[in-house]
Amino acid sequence: MITTLHIKNVGIIEDLTVNFNEGLNILTGETGAGKTLIIGSIGIIAGGRFSKEMIRKGETFSFIEANIYCPQNPLAIDDNIIVSREIHSNGRSSSKVNGRLVTVNELKEIMEKIIDLHGQHDNQLLLNPLEHIFYLDQFIGIQMQEEKENYQKFYQEYLEINQKLKENYGDEQEKARKLDLLTYQFNEIEGAKLKLGEEEELENQKKVMNNAEKLQNSMKTIDEELNENVIAGISNSIRNLEKIEDCGKIYSEKLAQLKSIYYDIQEMARDFSDMKEQTYFDEQSQNEIENRLDLVYSLKRKYGNSIEAILEYQNSISAEIAKIQNLDEVNKKLTQKLQEVKTQMKEIGKSINLKRKEYGEKLSKEVNKELANLEMLNAKFSVNICYQEENFNINGLDKIEFFICTNIGEEAKPLVKIASGGEMSRIMLAIKTVLAKVDKVSTLVFDEIDTGMSGKASKAVGEKLKEISKIRQVLCITHSASIAAKGDYNYYISKKIEGEKTYTDIQELSEEQIIEEIARIASGDVTKIAKEHAKELRKAS
């Protein structure tokens, strides 16, 4: 239960601390005093949404902290959990549980097991159809828990086998599709007959081809210059040196050097002559180079950023093709095992279904009794259980949803579609009364639960709140004198204006003050007659 709530800079609340107690805690006060801000702050501490507009004017942050007495919770330290949430105007925020930072989602998961917040259109758990199966199973108790645990062992195996089949292409259509794709890819790469280094060679040929005319002109000039001028000149020089080589050692040495140069230049001239021939490309050769490069580029877009990467991918898909072709026997055994597991799950699921139907009727009867006590004599609550044989999920094979018919002659509708706030509040109270013994949530918070109710209905709601508060802490904002009179602890929320700012205050009322507050709610004025009426209401509580 919430023992202490500290709120700072939320709306007109500057700095407020309130200590709550066991039982029924009633919050009253005039409109606009800040009652909803207090309940809203509890919602924020429970992981609810927070708007920057809620930060008090002139401040840069809001801070909410709660001390929660929760002795059986594994997070409790010395039987208490301290939860805080701080939100800044720049968007920065932090949430902590026992001083440890948590995400908002983590905070929500923790707090939804501790606090159940109910507004006119915000029954967080009860209005979620996915939660209805848990309510019913909790109502059934330990025997349902044992059957579900047995079922869930097979369900876990079911998931594991399906995952293996998925990895092994256990689905025949998927396997065939994948095999066709891989075979096509392998054949496409294989048919290209790629060679390492081929792309670089083709790129060079393309570059030469694009500059063929310029290269041919240059090669022709070089060929002519070397053969007609350079080689001829060196040849004449050699003949002249041969005539004087006997005149001294230096002449014979220079002759040898010049002959070496002559042979090198001759070799270079032949190379340039060959290069000149290589600069000629016919149209067919040009097309072949362009088409080959286009093929390489296309394969690179599909399978890798280089020929080496493409060939590596080809090797990998070759191995995968071999794996798929040899999986038939493995998948056959897995499929057989899957059928065995599904048979077990169906048997247990059918047993669970029969038990849920039996207890669904019991739950419906008990809730309908409570609805009658809440002045909904013509209402009929029912638990709709739909058995779905192939719809395996962690909770069995049932889809469960609460239905309600509120008037004679109307058909039952899902609980989430009930429009009347007053009816929804009473239906919720009826269910909570029945489920209170199995519901582990320790604190129930009701925001103006009496909205849209007559005096007689409000009196019945007050009695139910009192009943629930015997086993759960209840915090309730109300404008009903009948409900306020049932409080174990009553708090009055007021506001005051100092300077140009508004401040919220909260005060725990004494018994005399409670009588005066009930009188004010009932008649709008604290008269002697109103106080006598308030005392009568108080005695009846």
Side-chain angles (χ1 to χ4, degrees), residues 74 103 105-106 108-109 112-113 128-134 136-138 140 142-190 299 301-305 308-356 385-401:
T103 66
N105 283 336
E106 287 174 327
K108 190 172 183 178
E109 288 177 6
E112 70 182 7
K113 297 178 177 64
N128 182 357
L130 297 178
E131 293 291 329
H132 296 175
I133 194 168
F134 299 109
L136 178 57
D137 288 351
Q138 286 177 341
I140 297 171
I142 188 67
Q143 51 183 317
M144 175 55 69
Q145 182 180 340
E146 291 173 350
E147 283 213 72
K148 281 179 69 173
E149 287 176 356
N150 188 25
Y151 169 88
Q152 286 166 359
K153 290 177 184 177
F154 288 103
Y155 180 71
Q156 186 60 40
E157 190 174 1
Y158 166 83
L159 294 178
E160 291 171 359
I161 293 173
N162 273 317
Q163 183 61 34
K164 288 179 181 178
L165 285 170
K166 183 178 180 181
E167 293 170 356
N168 291 349
Y169 308 105
D171 182 276
E172 288 301 320
Q173 288 186 339
E174 173 63 17
K175 183 171 70 172
R177 187 196 66 79
K178 186 67 174 180
L179 193 57
D180 286 346
L181 175 62
L182 293 176
T183 302
Y184 170 81
Q185 292 176 339
F186 179 86
N187 291 337
E188 186 177 29
I189 298 172
E190 181 71 12
L299 293 175
R301 284 194 300 270
K302 295 178 181 179
Y303 307 122
N305 56 13
E308 183 178 13
I310 294 170
L311 293 175
E312 287 177 358
Y313 180 72
Q314 183 188 21
N315 290 333
S316 70
I317 60 177
S318 176
E320 193 168 0
I321 288 171
K323 176 185 175 183
I324 294 174
Q325 290 173 336
N326 290 288
L327 279 176
D328 286 346
E329 187 60 32
V330 175
N331 286 345
K332 183 178 179 181
K333 291 180 180 179
L334 284 172
T335 302
Q336 183 178 351
K337 181 62 176 176
L338 181 63
Q339 290 302 319
E340 293 173 0
V341 170
K342 288 169 71 173
T343 298
Q344 291 290 334
M345 291 168 66
K346 287 179 182 179
E347 289 180 4
I348 301 170
K350 190 62 178 176
S351 175
I352 289 174
N353 171 262
L354 292 173
K355 195 171 269 79
R356 282 173 174 159
I385 303 174
C386 179
Y387 181 74
Q388 301 171 312
E389 188 167 313
E390 293 296 329
N391 185 25
F392 299 106
N393 62 78
I394 195 169
N395 293 304
L397 299 168
D398 297 318
K399 178 183 177 182
I400 295 176
E401 187 169 6

Decide if atom CD of Q143 counts as having more than 12 heavy atoms of other residues, nucleotides or ligands within a radius under 6.0 Å.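 Enclosed: over 12 neighbouring heavy atoms sit under 6.0 Å from CD of Q143.
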Greater than 12 external heavy atoms within 6.0 Å of K399's NZ: no
Under the side chain to side chain donor-acceptor pair (under 3.5 Å) test, which residues partner [X], sequence neighbours left out?
X: Q344; answer: none
X: K108; answer: none
X: E146; answer: none
X: T183; answer: none

All salt bridge (charged side-chain N to carboxylate O under 4.0 Å, His left out) counterparts of E188, not counting sequence neighbours: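 Once residues adjacent in sequence are excluded, the partners of E188 under the salt bridge (charged side-chain N to carboxylate O under 4.0 Å, His left out) criterion are K302.
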Residues which pass salt bridge (charged side-chain N to carboxylate O under 4.0 Å, His left out) with D137, listed by chain and number, not counting sequence neighbours: K148, R356
Can you run down the salt bridge (Lys or Arg N to Asp or Glu O under 4.0 Å) pairs that involve residues 344-355, sequence neighbours left out, and say none if there aren't any?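 Those involving residues 344-355 are E147-K355, K346-E389, K346-E390.
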Listing request: all ring-ring contact (aromatic ring centres under 6.0 Å, His included) pairs with a residue in residues 311-345, at least two apart in sequence or in separate chains. Y303-Y313
For F154, check ring-ring contact (aromatic ring centres under 6.0 Å, His included) against everything at least two apart and list the hits. none
Using every non-hydrogen atom in the two residues, find where [X] and [Y] come nearest and quote the distance to one decimal.
X: M345; Y: L397; answer: O-CD1, 4.1 Å
X: G304; Y: A309; answer: CA-CB, 4.0 Å
X: N393; Y: D398; answer: ND2-O, 4.5 Å

Which distance, rounded to the nearest 0.5 Å, do you find between the CG of N315 and the CD1 of I310?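 Those atoms lie 12.5 Å apart.
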Gap between atom OH of Y387 and atom CD1 of I352 - 0.5 Å precision: 9.5 Å
Could you please spell out the steps behind the ring pair (Phe, Tyr, Trp, His ring centres under 6.0 Å) verdict for Y155 and F392? CA-CA 8 Å; Y155 180 71; F392 299 106; 8.0 Å; no
Is any side-chain heavy atom of [Y] closer than 4.5 Å to one of [X]?
X: E312; Y: E308; answer: yes
X: I385; Y: L136; answer: yes
X: I161; Y: K337; answer: yes

Partners meeting side-chain contact (heavy atoms from CB on, under 4.5 Å) with [X] (sequence neighbours left out):
X: S318; value: F186
X: E320; value: Y169, K178, L182, I324
X: E109; value: none

Donor-acceptor contact present, side-chain N353 to main-chain G349, <3.5 Å: no
